[in-house]
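For reference, the structure discussed in these notes is given below.
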Amino acid sequence: MSAAHDSYIIGINWGSTNFRAYRIGADGAVTGTLEQPRGIAGLERAQMQALLEEVVATWPQATRIYASGMIGSNIGWSDAGYVDCPASPDAIAGQLHEVRIGAHPVAIVPGLACRRSDGAPDIMRGEETELLGMVASGAIPATGLVALPGTHSKWVRLEQGVVVEFMTAMSGEIFDRLTAVGLLASVVDGPAHDGAAFVAGVQAAQHGTGLGTLLFGARARVIRGDLPRTDGAAYLRGLLIGAELADVQRYWGGTLDAIPLVGAAPVCALYARALQELGSSGVAIASQQASTRGFLALHRAAGALA
């Protein structure tokens with residue numbers, strides 16, 4: 001085999017709670033994966049270095065090491081900063097944050113920052129690499145809106161592969177916290193589903209009542225017998241996703257047709273159902289290789305591959 005065929009890079013998605021490293025060949029094939037629940041939030045610097053040493057010992061011939069996510073935040077190894085939107089792959093590659101972790105040079109991918117159409121700032125870190133990978137592979141259109149549902153859901157407007165602006169909603173985290181402890185946890189029994197209660201929550205969030213009022217109303221519905229506790233989680237999910245979609249429509253208007261939904265399948269299914277109820281549509285996109293394709297796109301944009 002040729003040296004070019006044998007060459008590979010290491011791409012690391014290093015978040016707050018999880019660590020994922022990939023051995024990525026010049027052709028984009030993922031030929032090795034290492035995953036551990038050892039995110040930045042739980043590690044000291046010496047532990048971060050030791051974990052990287054483990055990866056390099058496993059794949060010692062990598063031509064380049066890249067890392068994205070919270071490793072480049074103010075709680076990570078070194079703050080990689082943000083690239084201002086509109087941001088192209090070349091702009092991101094041009095601001096890779098070069099550091100050394102122990103004896104090894106690592107290029108940390110910067111996050112993205114924008115000023116939304118309402119003048120408010122927004123930031124992302126980690127999702128930019130996934131977006132680059134999805135666009136580069138043709139999995140999502142180079143122009144239009146794309147959603148990345150999750151703990152902190154992102155709605156991103158792309159133009160010819162350039163990230164123009166985006167919006168973040170904490171719907172996932174709010175749901176997790178509200179259903180774990182506190183007043184609303186007492187009116188929830190079972191997981192969220194996309195049935196009638198979920199749809200009712202989505203529709204309720206479209207009528208202009210503030211989210212704080214709507215959320216307490218979920219408790220009142222259960223206490224007064226209007227909503228079974230088994231539907232409590234679904235109704236709350238509907239309220240939060242519905243409010244998020246109302247914000248998206250206020251920012252960008254129009255019908256949200258065939259929106260790519262990149263994320264975990266169960267969550268994407270809820271978003272697709274909510275969009276359907278609003279006369280729009282969403283298309284779930286598998287994201288398993290999004291990060292690895294993004295690392296390779298950055299590697300090529302940086303001119304490291306012929």
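Applying the salt bridge (charged side-chain N to carboxylate O under 4.0 Å, His left out) criterion to E53, with sequence neighbours excluded, gives no partner residue. R219 meets the salt bridge (charged side-chain N to carboxylate O under 4.0 Å, His left out) test with no other residue; sequence neighbours excluded. Partners of R23 by salt bridge (charged side-chain N to carboxylate O under 4.0 Å, His left out), not counting sequence neighbours: none found.
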With a cut-off of 3.5 Å and sequence neighbours excluded, list every side-chain donor-acceptor pair involving residues 127-136.
residue : atom : partner : partner atom : Å
E127    : OE1  : R125    : N            : 3.4
E128    : OE1  : G126    : N            : 2.7
E128    : OE2  : G126    : N            : 3.2

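Between E98 and R64 there is a salt bridge, since a side-chain N of the basic residue sits under 4.0 Å from a carboxylate O of the acidic one. The residues R116 and D118 are annotated as salt-bridged, a charged nitrogen and a carboxylate oxygen being separated by less than 4.0 angstrom.
Other residues, nucleotides and ligands place more than 12 heavy atoms under 6.0 Å from the CZ atom of R229. Atom CZ of R45 is surrounded by more than 12 heavy atoms from other residues, nucleotides or ligands within 6.0 Å.
Applying the under-4.5 Å side-chain rule to Ile, Leu, Val, Met, Phe, Trp and Tyr, the cluster around V164 consists of that residue alone. Residue Y82 shares its hydrophobic cluster (ILVMFWY side chains chained together at separations under 4.5 Å) with I123.
Screening I259, D122, L148 for a side chain to side chain contact (heavy atoms under 4.5 Å, CB included) involving W155 leaves a single residue, I259.
Remark: the Q289 side chain and the Y22 side chain contain no N/O donor-acceptor pair separated by less than 3.5 Å.
Below 30°, between 30° and 60°, or above 60°: for F19 and W14 the angle between ring planes is above 60°, a perpendicular geometry.
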